[in-house]
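Computed from a predicted structure; not experimentally measured. Here is the naming used below: chain letters follow the sequence lines, and residue numbers restart at 1 for every chain.
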Protein chains: 2
Amino acid sequence: MGGKSTLKDLAKILNLSVSTVSKAINNSPEISDVTKDKVRSIALLNNYSPNKLAQSLKSQRTKTIGVIIPDVLMTFFAMAIHGIEQTANSYGYKVIICLSNESLEKEAESINTLVNGSVDGLIMSLSKETQSTNDYAHFEEAIRYNTPIVLFDRTSDLLICDKIKIDDTLAAKEATEHLLKIGCRNIIFLTTIYGTSVGEKRRLGYLQAIENTGVEDTIINIKDYAQFECILIEALKQGKIDGIVAADELSAISTIKYSIKHSYKIPEDISVIGFTNGVLGENFVPSLTVVDQHATMQGSLAAETLIKRLEKKIPVEPVHKVLKTSIIERESTLPLFYAK
Amino acid sequence: MGGKSTLKDLAKILNLSVSTVSKAINNSPEISDVTKDKVRSIALLNNYSPNKLAQSLKSQRTKTIGVIIPDVLMTFFAMAIHGIEQTANSYGYKVIICLSNESLEKEAESINTLVNGSVDGLIMSLSKETQSTNDYAHFEEAIRYNTPIVLFDRTSDLLICDKIKIDDTLAAKEATEHLLKIGCRNIIFLTTIYGTSVGEKRRLGYLQAIENTGVEDTIINIKDYAQFECILIEALKQGKIDGIVAADELSAISTIKYSIKHSYKIPEDISVIGFTNGVLGENFVPSLTVVDQHATMQGSLAAETLIKRLEKKIPVEPVHKVLKTSIIERESTLPLFYAK
DNA sequence: CTGAAAGCGCTTACAG
DNA sequence: CTGAAAGCGCTTACAG
């Protein structure tokens, strides 16, 4: 009644000491059942609930995990958040979210504000800038505070910590091989996420796949969506492209969109495969064949790993989990039995 | 060096009292410049940064705001988060995110865990279940704790607090009128968010728009996406539908997708208008004409309002801000000059 | 079985 | 200008 009640308030009402009340509420075996009952009913009556801040200060644990990701608007990260949140909650943990907006500085700020008492641990996917400059000085703070970090998706070999990811090289290799299998012979790799670890590895996988197949390698790197159409169409004019591996969801969709606009038929003329199993690709016409990176699962595993680490339920060596990706065949690629 | 340093640590090193060190660090005028300098250099050397938990316990302010939304995967909410996060950060606030998953129970849990010390205030958009059962008992806890709440988008008249929203009725009316203007005469309203305040209001706006125009009202309410195609096509067969107002982004896209699949031409046969200006509608072919609800702006305003409320920079009467929506004309509706 | 005391890390009114 | 003391709300080792 009228604001939050504290242990002190209850103690006064009950004519007991704060310690006794505390123990009663925490069901300590030290306390008699009679007292426990009395305390509990008064606690209920006064809607008592312990102050989390005070508990955290005492226990040095917040039961909160910090999540720092580049962007909520990318389907992949929205799905990952979903997984993190669900799993964290099931273990009784809350989630604080910070967005780096692909900026190293904001990533650093986020680490610094979270690390000092606000969270027990961190789940991160690195910003573009961090990955391209390879500058990890801003992680020092987290290390000094002994705050465990779990990296997912966009990870780095220079950071020693738990990691959840997919084998991007292998995934892109398989995606490219899928195009080869259905008969594509002029396959290009298109990326708008150049500079990220995953973009780089996917490029590598593409190159590995076409090695010794006689397919020539063409990498298209688009920095600005404003020039997407122009660059893509120019490339399509060069050779008779029949397959495109796009490094993320939106660029795959854009590829299809502009190709169709310029009278290329998808998948008859060009088969397109993308990354991330999101609503965008699922609902597009033609629907997008994608490499499923199991975003929700990555998030969920990251949360589980972090929590087990915090609760010391896993061995000290860093966890390095690599999820198997799978290809979801949809309409943007020729079906296998069509194979020329 | 080796873990976090506290005021006590610094005091010991400096041979000063904890109080003096605290004041020096907070640049209190009570302290001499010489001492301040000494304290600061030692603080820097030991990477001292104050423990947020302890500060919060003392000041009874966490500088954190809790956000409870139904779903991150809906573009609208992802955009809103983006706005909230950005604005909150610019004011030096952190953001804790909880997802209700459209469930009243989870919404209640989130309120309860956040309200007790973890956050200074709450930004919420109500879950479907909360809105359809009209049960607000779980808000009691927030009220008792005197935690200010700002509601956005999915609000309720039964809750007295700050609110940021759009005029959904008017927006749907304008959307429908847009279809009328381009010549549509058989317009249906399609919704998958029946039971939410916004869904209901949009339905009303549609009805208002067609009143006295001779257009017959047809409401299609789809509960399960598995039946979307079937229900939609059945409806299209009934009459010669030439316009569809869809209550959200995904249902608009699905409408277009299945219509095209069944050989209807968009927009030549049917013009489709949806809600939310997201990547999905923007990149679809044909691109989607939408009512822009200014999701990011709603989030940003919600954050600003909450923070001003917390810092007592606005009058006590609840803020009720209604954003003007705008229609973004794209390819899924006939252009105006085509009007029959 | 109950309570007084110390302490988590900080701030601030009060003395000196 | 500096410091001792109290307190934010809790927990827990120690006495009784």
Side-chain angles (χ1 to χ4, degrees), chain A residues 3-40 42-43 46-64 113 115-120 144-147, chain B residues 3-40 42-43 46-64 113 115-120 144-147:
Chain A
K4 22 211 142 181
S5 55
T6 67
L7 285 183
K8 210 179 179 182
D9 298 335
L10 301 186
K12 197 174 298 172
I13 298 173
L14 288 154
N15 244 320
L16 283 170
S17 75
V18 169
S19 356
T20 304
V21 176
S22 170
K23 286 175 194 160
I25 281 174
N26 293 309
N27 200 20
S28 155
E30 293 181 52
I31 307 295
S32 73
D33 286 344
V34 197
T35 310
K36 277 185 189 171
D37 283 346
K38 265 193 257 172
V39 171
R40 280 181 192 147
I42 290 293
N46 289 60
N47 289 293
Y48 172 78
S49 104
N51 180 299
K52 300 275 166 51
L53 239 39
Q55 284 184 320
S56 294
L57 182 59
K58 185 76 223 192
S59 68
Q60 304 285 52
R61 306 182 53 228
T62 60
K63 283 256 190 181
T64 302
T113 67
V115 120
N116 203 234
S118 302
V119 302
D120 295 342
R144 187 173 34 254
Y145 278 94
N146 250 315
T147 306
Chain B
K4 22 210 143 182
S5 55
T6 67
L7 286 183
K8 212 182 180 178
D9 297 337
L10 301 187
K12 198 173 298 168
I13 297 173
L14 289 154
N15 245 321
L16 284 170
S17 76
V18 169
S19 356
T20 304
V21 176
S22 170
K23 286 175 196 161
I25 281 174
N26 293 310
N27 199 20
S28 156
E30 292 181 51
I31 306 295
S32 74
D33 286 345
V34 196
T35 310
K36 278 184 189 170
D37 282 347
K38 264 193 256 170
V39 171
R40 281 182 193 145
I42 289 294
N46 290 61
N47 290 292
Y48 172 78
S49 105
N51 180 300
K52 301 276 166 51
L53 239 39
Q55 285 184 320
S56 293
L57 182 59
K58 185 76 222 195
S59 68
Q60 304 284 52
R61 307 182 53 230
T62 60
K63 283 262 195 173
T64 303
T113 68
V115 121
N116 203 236
S118 302
V119 303
D120 295 341
R144 185 173 38 253
Y145 279 94
N146 252 314
T147 306

So what does [X] hit on the nucleic acid, given a heavy-atom distance under 4.0 Å: a base, only sugar-phosphate, or nothing?
X     : result
A:K8  : sugar-phosphate
A:T6  : sugar-phosphate
A:S32 : sugar-phosphate

Nearest heavy atoms of A:Y48 and A:S5, plus distance in Å: CD1-O, 3.2 Å

If you take all heavy atoms of A:T62 and A:G117, which pair is closest and at what distance? CG2-O, 3.0 Å

Check the distance between [N]'s [atom2] and [X]'s [atom1] and give it to me in whole angstrom.
X      : N      : atom1 : atom2 : answer
A:L7   : D:dT12 : CG    : C1'   : 13 Å
A:N116 : C:dC10 : CG    : C1'   : 11 Å
A:N26  : D:dG9  : CG    : P     : 17 Å
A:D9   : D:dG9  : CG    : P     : 8 Å
B:Y48  : C:dT11 : OH    : P     : 6 Å
B:K4   : C:dC10 : NZ    : P     : 11 Å
A:R61  : D:dT12 : CZ    : C1'   : 16 Å

Determine whether a donor-acceptor pair (one donor, one acceptor, N or O, separation below 3.5 Å) exists between the side chain of A:K58 and the base of C:dG7.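 Checked by distance alone, the answer is yes.
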
Can you find an N or O donor on one side and an acceptor on the other, under 3.5 Å apart, linking the side chain of B:K23 with the base of D:dG3?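 Per atom types, the contact qualifies.
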
Please determine, by modelled atom types, if B:N27 and B:R40 share a side-chain donor-acceptor pair under 3.5 angstrom. yes

Expressed in whole Å, how much space separates the P atoms belonging to C:dG9 and D:dT2?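 Result for the P pair: 25 Å, nearest Å.
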
Would you say a side-chain N or O of [X] is under 4.0 Å from OP1 or OP2 of [N]?
X     : N     : value
A:Q60 : C:dG9 : yes
A:T35 : C:dT2 : yes
A:N51 : D:dC8 : no
B:Q55 : D:dC8 : no

Is any side-chain heavy atom of [X] closer than 4.5 Å to a side-chain heavy atom of [Y]?
X     : Y      : answer
A:N51 : B:N116 : yes
A:V34 : A:S32  : yes
A:N47 : B:R144 : yes
A:K23 : A:T35  : no

Scanning all shown strands, the Watson-Crick or wobble mate of D:dA4 with both distances under 3.5 Å is none

Find the partner of D:dA13: check Watson-Crick (N1-N3 plus N6-O4 or O6-N4) and G-U wobble (N1-O2, O6-N3) distances, both under 3.5 Å, and reply none if neither fits. none

Assign each of B:I31 and A:L57 to its nearest nucleotide of DNA chain D by heavy atoms, then name whichever residue's nucleotide is nearer the 5' end.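 Comparing both residues, the 5'-ward one is B:I31.
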
Using heavy-atom distances to pick each residue's nearest nucleotide on DNA chain D, tell me which of A:L53 and B:P29 is more 5'.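 Counting from the 5' end, the first nearest nucleotide belongs to B:P29.
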
Among [options], which is the nearest nucleotide to the side chain of [X]?
X     : options               : result
A:E30 : D:dT2, C:dC8, C:dG3   : C:dG3
A:P50 : D:dC10, C:dC8, C:dT2  : D:dC10
B:S22 : D:dT11, C:dT12, D:dT2 : C:dT12
A:T20 : D:dG7, C:dT12, C:dT2  : C:dT2

Assess whether atom NZ of B:K36 is packed by more than 12 heavy atoms of other residues, nucleotides or ligands within 6.0 Å. yes

Enumerate the residues from residues 11-19 of chain A whose closest heavy atom to DNA chain D is under 4.0 Å, giving them by residue number; use none for an empty result. A:V18, A:S19

Pairs under 3.5 angstrom only: tabulate donor-acceptor contacts from the side chains of residues 7-16 of chain B to other protein residues two or more places apart or in another chain.
| residue | atom | partner | partner atom | Å |
| --- | --- | --- | --- | --- |
| B:D9 | OD2 | B:T6 | N | 2.9 |
| B:D9 | OD2 | B:T6 | OG1 | 3.4 |

